[in-house]
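In what follows, a single structure is set out as structure tokens and then discussed.
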Number of protein chains: 2
Amino acid sequence: MDVDTPVASGTRYMREVNTAAVLTELRRCTGTSVTELARATGLSRQAVTRSISGLEEGGLVELLAPQRPGRRTGRPPQVVRFRAEAGHVLGLALTPEELRVVAADLGGTVVAEETAPLTGTDGAHLARTLTATVTATLDSAGLTPDQVWHACLGAPGIVDRHTQQIRFTASMPHIAGDLLLRTLGSCLPCPVHLDNDVKLATEGERRRAGHDRHEGPMVLVQWGERVGAGIVVFDRLYRGASNDAGDLGFLDLCVEDPGTGQADADAQGLGAFEAWVGTTRLTSLVRETAERRGDHTLARSLQEGDRGMDTAAEALHRGDPAATEALEEITRRFAKGLGAVRALLDPEVVVIGGPMARCGEHLLTALNAHLQQQRLDPPRLELAALEEDAIVRGALHHALAEVERGALALPPTARLFS
Amino acid sequence: MDVDTPVASGTRYMREVNTAAVLTELRRCTGTSVTELARATGLSRQAVTRSISGLEEGGLVELLAPQRPGRRTGRPPQVVRFRAEAGHVLGLALTPEELRVVAADLGGTVVAEETAPLTGTDGAHLARTLTATVTATLDSAGLTPDQVWHACLGAPGIVDRHTQQIRFTASMPHIAGDLLLRTLGSCLPCPVHLDNDVKLATEGERRRAGHDRHEGPMVLVQWGERVGAGIVVFDRLYRGASNDAGDLGFLDLCVEDPGTGQADADAQGLGAFEAWVGTTRLTSLVRETAERRGDHTLARSLQEGDRGMDTAAEALHRGDPAATEALEEITRRFAKGLGAVRALLDPEVVVIGGPMARCGEHLLTALNAHLQQQRLDPPRLELAALEEDAIVRGALHHALAEVERGALALPPTARLFS
DNA sequence: CACAATTAGTTCCGTACAGTACATAACTAA
DNA sequence: TTAGTTATGTACTGTACGGAACTAATTGTG
């Protein structure tokens with residue numbers, strides 16, 4: 001992907017660049033006047049007007065009747081509005097339990113949303129559900145397939161960056177290959193992009209309110225039975241050489257407590273770190289601590305894995321001493337992992353997501369206390385806000401970014417419509 | 001650093017874009033004809049000619065008399081040459097032992113080089129040496145200070161990105177603050193940039209032959225008494241939120257061997273990992289092993305720290321069993337650190353530099369063997385090629401990049417001095 | 001109700017840049 | 001000497017921008 005230097009072959013190039021600038025500014029604050037846009041972009045009023053007329057012909061922009069002026073004197077400005085409804089994108093999230101489809105306009109406003117429960121591992125059935133849910137979403141938003149400009153689907157497993165084939169999925173073996181791509185391709189005439197769910201969740205979480213204008217490097221840790229992380233640097237999702245960056249679960253720093261059952265972990269394909277701090281380990285810890293303290297009720301009520309998390313989190317929230325003690329231990333361990341993240345990546349903020357985030361502020365407090373003990377200044381910690389929606393939001397975001405890059409002329413690739 | 005969208009306010013913008021394109025192409029292969037440039041850039045011949053005349057006025061380019069043609073027919077082309085000598089940059093590297101100053105032209109060709117030995121921690125003396133060495137370098141190249149367009153100095157310690165103040169330097173306490181900046185500012189009328197030595201060494205190593213067109217993520221580990229790393233992702237040096245990314249030395253995963261003398265390490269400002277795998281530790285290991293094996297000659301000949309490294313490396317190269325055994329142990333430890341790098345960053349290649357690199361291929365072989373034991377596919381390992389020159393090359397490189405970005409006022413997408 | 005004041009948008013013109021087409025220059029080989 | 005080939009130079013056209021001047025719409029005031 002080498003970027004060859006841009007060339008201005010013809011004055012038309014200027015129009016493209018300027019149209020892009022105007023559109024970017026217009027999207028930043030829609031509903032401004034021509035004069036205001038001129039001031040903001042640094043262009044002359046005429047240049048802005050010319051760009052606006054081009055955009056108007058393309059349907060991306062419309063001029064509204066002069067509004068009631070807030071000013072006391074002068075001719076009221078003609079208000080220019082970005083027509084977010086000019087195009088739409090689809091974001092999809094696939095998990096073993098359900099399929100989620102969200103349609104949004106070019107402004108990112110969600111206009112329709114459908115969820116279908118999933119069971120079994122029948123590829124053909126999944127394909128039918130996918131087609132039906134996409135169609136239902138479009139119908140519910142009153143859209144035809146050709147009004148969708150881009151679609152992006154997040155699925156578990158490793159997605160090949162180039163061929164878009166799904167290479168490996170432990171939890172959903174039937175989606176390997178190009179099943180999803182083919183199915184979506186047959187019901188949508190627009191480009192379709194497949195990506196890893198954790199990666200998209202990172203994008204989604206990053207763009208939530210508050211992080212929207214965030215510039216610094218960020219790490220989003222998905223902390224559940226497994227532990228993985230998405231890394232955002234230079235305002236982009238970093239994937240690593242083999243699309244495996246942020247594989248926190250395979251950190252090897254837990255040499256204490258060697259009786260963790262490395263063999264078990266290996267059998268399940270778990271890494272050393274996730275076996276040591278994952279939710280399975282937390283529930284075990286809570287159970288052991290509770291037994292030791294004689295609280296057999298709590299010990300018995302704990303199921304395995306992520307489901308047991310809810311029970312543990314509940315116990316924690318009501319101040320149960322066994323749960324608190326277990327959290328203390330698990331956060332001590334996790335803080336060592338965060339120490340490695342800090343040392344190598346030095347992120348500005350670490351966002352904790354996944355089932356473990358249900359422990360809430362307790363988690364942050366305990367982690368912060370442990371991080372204070374370390375010799376490097378720790379990053380800021382935050383809790384993830386989106387939970388289930390993260391993947392679908394990230395998918396929407398990716399789709400919108402693709403539209404921006406391709407259809408809406410953005411600076412380097414300055415082109416207006418195809 | 002928010003990049004506001006470029007705007008073409010005035011047709012001059014096109015000229016700038018096209019001039020940048022021409023200059024980029026010209027730098028890629030200097031000594032081509034106008035027609036060839038037109039073909040390469042996609043511009044018309046006239047556009048190229050116009051850009052060339054502008055560059056010629058600025059002195060950045062010159063037209064050579066028609067050469068003896070290689071072709072058999074046709075009018076010989078007018079050859080255009082990039083005048084690398086039109087401007088110069090200075091790269092400086094400061095270590096506790098010496099100061100190195102290199103002057104290069106805009107093509108990156110070194111035109112003068114001076115080295116001054118350093119001792120003690122007297123700020124005023126250092127300042128005098130700095131001024132004298134810079135002056136000597138300029139004299140030896142026949143340059144006046146105003147012919148230098150940019151200077152960049154690499155020094156140990158944390159450099160504040162914005163104020164350019166050196167905040168902390170264990171090995172050179174007297175350079176804290178703005179001493180270096182003030183001194184350089186008073187003898188050079190051009191912009192001066194200060195940066196961390198490891199970061200600059202990374203840039204230097206990255207641009208060496210072979211890596212020049214390298215696209216993938218890369219980590220350069222400086223392995224000496226201290227251990228630090230530079231990280232290159234998205235083809236850029238990654239610094240982290242507090243300019244401290246890649247601080248491998250402070251990794252905390254060496255819970256075995258707790259008698260390492262953490263107190264000592266703390267006193268010297270060393271991190272846990274570097275105390276565990278640094279060259280000081282290696283020489284101790286070699287000494288202990290040699291003693292145990294009864295080789296008192298080798299044990300006695302080992303000095304402390306980086307100087308002892310030479311003796312150790314020598315012993316290793318002649319196949320000394322004690323040195324080999326010590327290397328085996330130290331690489332086992334280091335491989336754990338590389339495991340963390342792999343898990344979090346997933347680099348395509350890890351380059352090993354610093355004094356430890358003197359162990360040569362032995363080092364790579366031992367490390368690779370240990371990495372094979374880990375559960376994630378290891379990155380490729382390479383030895384650094386530049387050694388001492390890395391910092392100064394990186395500094396030169398940074399200076400050239402700054403010239404490209406600032407002095408020539410070119411669009412950020414254009415890369416002239418890659 | 002006319003008219004100044006104010007702010008917004010539009011028209012016209014000059015300048016600058018790139019591309020196309022054609023003319024000219026330089027050189028080789030027959 | 002002449003034809004062929006390649007590179008350069010010049011004239012002309014189309015498009016885009018900015019500035020000045022002009023028109024439009026609204027409010028307040030005598």
Grab the [atom1]-[atom2] distance between [X] and [N] for me, whole Å please.
X: Leu43(A); N: dG19(D); atom1: CG; atom2: C1'; result: 14 Å
X: Arg12(B); N: dA18(C); atom1: CZ; atom2: P; result: 13 Å
X: Arg39(B); N: dT6(D); atom1: CZ; atom2: C1'; result: 10 Å
X: Leu37(A); N: dG9(C); atom1: CG; atom2: C1'; result: 13 Å
X: Met14(B); N: dA16(D); atom1: CE; atom2: P; result: 10 Å
X: Gln46(A); N: dA16(C); atom1: CD; atom2: P; result: 17 Å
X: Glu16(A); N: dT15(D); atom1: CD; atom2: P; result: 14 Å

Any donor-acceptor N/O pair, Arg239(B) side chain to Lys199(B) backbone, under 3.5 Å: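 No; zero donor-acceptor contacts below 3.5 Å.
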Under 4.0 Å from OP1 or OP2 of [N]: is there any side-chain N or O of [X] that close?
X: Asn18(B); N: dC17(C); result: no
X: Arg15(A); N: dT15(D); result: no
X: Thr11(B); N: dA16(C); result: no

Polar pair under 3.5 Å, donor/acceptor by atom type, side chain Arg45(B), base dG9(D):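 Indeed there is one.
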Nucleotide nearest Ala47(B) when distance is taken to its side chain, options dA18(C), dT10(C), dG9(C):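 Of the candidates, dA18(C) comes closest.
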Proximity to the side chain of Pro77(A) - top-ranked nucleotide from dT26(D), dA18(C), dA8(C):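 Output: dA8(C).
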Test log, rule side chain to side chain contact (heavy atoms under 4.5 Å, CB included), inputs Val61(A) and Ile52(A): CA-CA 7 Å; Val61(A) 137; Ile52(A) 295 271; 4.1 Å; yes
Arg12(B) atom CZ, neighbour heavy-atom count above 12 within 6.0 Å: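 For Arg12(B), atom CZ is not crowded (no more than 12 foreign heavy atoms under 6.0 Å).
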5′-ward residue of the pair Arg50(B)/Glu36(B) relative to DNA chain D: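 Counting from the 5' end, the first nearest nucleotide belongs to Glu36(B).
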Under 3.5 Å side-chain donor-acceptor pair for Gln147(A) and Thr144(A):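 There is such a pair (donor and acceptor under 3.5 Å, judged by atom type) between the side chains of Gln147(A) and Thr144(A).
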Ion pair Arg206(A)/Asp235(A), N-O distance below 4.0 Å: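 Asp235(A) and Arg206(A): salt-bridged.
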